[in-house]
Amino acid sequence: MKRENLTVLVADDSYEDRLLLCRAFSKYAKAGITLQMTGSGNEAVAYLLGIEPFEDRNQYPYPIFLLTDLKMPDGDGFTILEHLRSTPQSTVIPTVVLSASSDSDDIKRSYTLGASAYLIKPTDTMALANMVQTLMAFWLYCEVPEVNKAGVQLQTKNNGKLGGRFEV
């Protein structure tokens with residue numbers, strides 16, 4: 001299915017990391033992918049909810065993909081994962097934790113809260129660019145349920161006929 005909106009939301013409190021991610025994603029601008037940046041978990045949740053200052057969904061489209069740091073002030077990556085888990089219509093967003101933490105408890109908790117993947121942030125700029133390229137190549141091919149501008153899943157047109165279980 002061809003997606004109309006190709007917005008990626010990044011939540012990271014580090015200006016340097018946001019700059020590096022912007023550079024890594026810049027090659028995808030030609031493909032119509034836009035990058036939206038937030039500096040904290042609470043700001044990312046506000047973006048997802050479409051509340052001030054993110055209420056204009058033409059300017060701040062609901063993302064098709066979310067990339068979050070874990071350790072941030074004013075709401076961390078767990079805040080985002082908890083929000084997504086508590087709002088079932090939001091769980092269709094592929095969410096990747098990109099953190100400097102290699103702590104096994106952070107990794108376990110991220111997956112328990114519904115992270116699609118957990119990656120340790122490389123310190124090398126080229127390695128980060130390669131990681132972003134791999135992520136985008138994978139997630140742009142994945143199918144996810146369609147959502148409206150507010151991120152609510154759309155009703156399917158098949159009424160479960162094709163998506164139902166095969167009865168033997």
Side-chain angles (χ1 to χ4, degrees), residues 3-29 31-101 103 106-107 109-123 125 127-129 131-136 138-140 142 144-153:
R3 299 177 189 167
E4 293 178 22
N5 164 37
L6 296 174
T7 299
V8 175
L9 178 60
V10 173
D12 198 312
D13 64 316
S14 166
Y15 174 78
E16 292 81 14
D17 288 347
R18 287 195 311 262
L19 186 62
L20 290 174
L21 286 166
C22 277
R23 286 184 188 154
F25 274 97
S26 64
K27 71 181 265 179
Y28 295 99
I33 295 171
T34 59
L35 201 58
Q36 294 285 351
M37 296 281 189
T38 60
S40 72
N42 288 336
E43 191 178 7
V45 169
Y47 185 104
L48 293 169
L49 291 172
I51 58 177
E52 193 176 335
F54 306 108
E55 62 271 9
D56 181 356
R57 283 299 184 201
N58 291 320
Q59 186 176 355
Y60 302 106
Y62 199 80
I64 61 159
F65 181 75
L66 199 150
L67 189 63
T68 182
D69 188 13
L70 202 55
K71 309 293 184 170
M72 299 179 284
D74 191 28
D76 55 17
F78 295 126
T79 300
I80 298 168
L81 293 170
E82 288 166 350
H83 165 73
L84 292 172
R85 188 171 190 185
S86 71
T87 53
Q89 71 271 16
S90 301
T91 59
V92 299
I93 305 170
T95 304
V96 174
V97 174
L98 181 60
S99 176
S101 172
D103 182 79
D106 286 340
I107 296 167
R109 185 172 179 205
S110 295
Y111 280 110
T112 300
L113 290 172
S116 303
Y118 189 105
L119 301 171
I120 297 173
K121 229 181 249 184
T123 54
T125 306
L128 180 64
M131 185 179 283
V132 165
Q133 181 177 356
T134 302
L135 278 171
M136 292 309 296
F138 177 76
W139 286 113
L140 284 176
C142 288
V144 296
E146 291 181 86
V147 296
N148 65 16
K149 285 187 175 189
V152 176
Q153 291 183 43

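Numbers here are sequence positions counted from 1.
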> Checking K27 now: which residues fulfil side chain to side chain contact (heavy atoms under 4.5 Å, CB included) with it, not counting sequence neighbours?
Q133
> Residues in side chain to side chain contact (heavy atoms under 4.5 Å, CB included) with D17, at least two apart?
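So D17 forms a side chain to side chain contact (heavy atoms under 4.5 Å, CB included) with D12, S14, L20, K121.
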> How would you list, by chain and number, every residue that makes a side-chain hydrogen bond (donor to acceptor under 3.5 Å, both in side chains) with S116, sequence neighbours excluded?
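Result, side-chain hydrogen bond (donor to acceptor under 3.5 Å, both in side chains) vs S116: none returned.
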> Looking at residues at least two apart in the chain, or sitting in another chain, which of them share a ring pair (Phe, Tyr, Trp, His ring centres under 6.0 Å) with F54?
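With neighbours one apart ignored, the set is Y47, Y60.
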> Can you name the closest pair of heavy atoms from T95 and T68 and give their distance?
CG2-CG2, 4.5 Å
> With sequence neighbours excluded, tell me which residues meet side-chain hydrogen bond (donor to acceptor under 3.5 Å, both in side chains) with N58.
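So N58 forms a side-chain hydrogen bond (donor to acceptor under 3.5 Å, both in side chains) with K149.
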> Could you pull out all residues at least two apart from R109 that satisfy salt bridge (charged side-chain N to carboxylate O under 4.0 Å, His left out)?
E82
> With a 4.5 Å heavy-atom cut-off, do D76 and K71 have their side chains touching?
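D76 does not reach K71 side chain to side chain.
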> Under a 4.5 Å cut-off applied to non-hydrogen side-chain atoms, are I93 and L9 in contact?
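Contact flag for I93/L9 side chains = no.
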> Provide the closest heavy-atom pair for L49 versus H83 in the form atom of the first, atom of the second, distance.
CD2-CE1, 3.5 Å
> Over all heavy atoms of both residues, which pair between L35 and L21 is shortest? Give the atoms and the distance, please.
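Heavy atoms of L35 and L21 come nearest at CD2-O, 4.1 Å.
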> Is there a side-chain contact between F78 and L70 (heavy atoms, below 4.5 Å)?
yes
> Run L67 and F25 through side chain to side chain contact (heavy atoms under 4.5 Å, CB included) and show every step you take.
CA-CA 12 Å; L67 189 63; F25 274 97; 4.1 Å; yes
> Checking Y118 now: which residues fulfil ring pair (Phe, Tyr, Trp, His ring centres under 6.0 Å) with it, not counting sequence neighbours?
none
> Do any N or O atoms from the side chain of S40 and from the backbone of D74 form a donor-acceptor pair under 3.5 angstrom?
yes
> Got a sec, which residues hit side chain to side chain contact (heavy atoms under 4.5 Å, CB included) with A24, two or more places apart in sequence or on another chain?
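Partners of A24 under the side chain to side chain contact (heavy atoms under 4.5 Å, CB included) test: A129, V132.
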> Might you point out which heavy atoms bring V97 and A115 nearest each other, and give the distance in Å?
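The pair with the smallest heavy-atom distance is CG2-CB, 4.0 Å.
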> What is the minimum heavy-atom distance between T38 and R18, and which atoms define it?
O-CD, 4.1 Å
> Nearest 0.5 angstrom please: L113 CG to S86 OG, how far?
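If I round to the nearest 0.5 Å, the distance is 10.5 Å.
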> Please tell me if the side chains of R85 and T112 come closer than 4.5 Å, counting only heavy atoms from C-beta onward.
yes
> Within the 4.5 Å heavy-atom criterion, are L128 and T125 side-chain neighbours or not?
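Side-chain contact under 4.5 Å: no.
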> Taking side chain as C-beta onward, heavy atoms only, is I107 less than 4.5 Å from S99?
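No, too far: nothing below the 4.5 Å cut-off.
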> Would you confirm whether Q36, through its side chain, and Q59, through its main-chain N or O, come within 3.5 Å as a donor-acceptor pair?
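Checking the backbone N and O of Q59 against the side chain of Q36, a donor-acceptor pair under 3.5 Å is found.
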> Suppose we screen for side-chain hydrogen bond (donor to acceptor under 3.5 Å, both in side chains). Which residues come up paired with S101, at least two apart in sequence or across chains?
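Scan of S101 (side-chain hydrogen bond (donor to acceptor under 3.5 Å, both in side chains), adjacent residues dropped) gives D106.
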> Can you list the residues that meet the side chain to side chain contact (heavy atoms under 4.5 Å, CB included) rule with A100, with sequence neighbours excluded?
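If we apply the side chain to side chain contact (heavy atoms under 4.5 Å, CB included) test to A100, skipping adjacent residues, there are no hits.
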> What closest approach, in Å, do G77 and M72 show between heavy atoms, and which atom pair accounts for it?
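Heavy atoms of G77 and M72 come nearest at N-CE, 3.7 Å.
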> Among all residues two or more places apart in sequence or in another chain, which pass the side-chain hydrogen bond (donor to acceptor under 3.5 Å, both in side chains) test with D13?
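Residues passing side-chain hydrogen bond (donor to acceptor under 3.5 Å, both in side chains) with D13: none at all.
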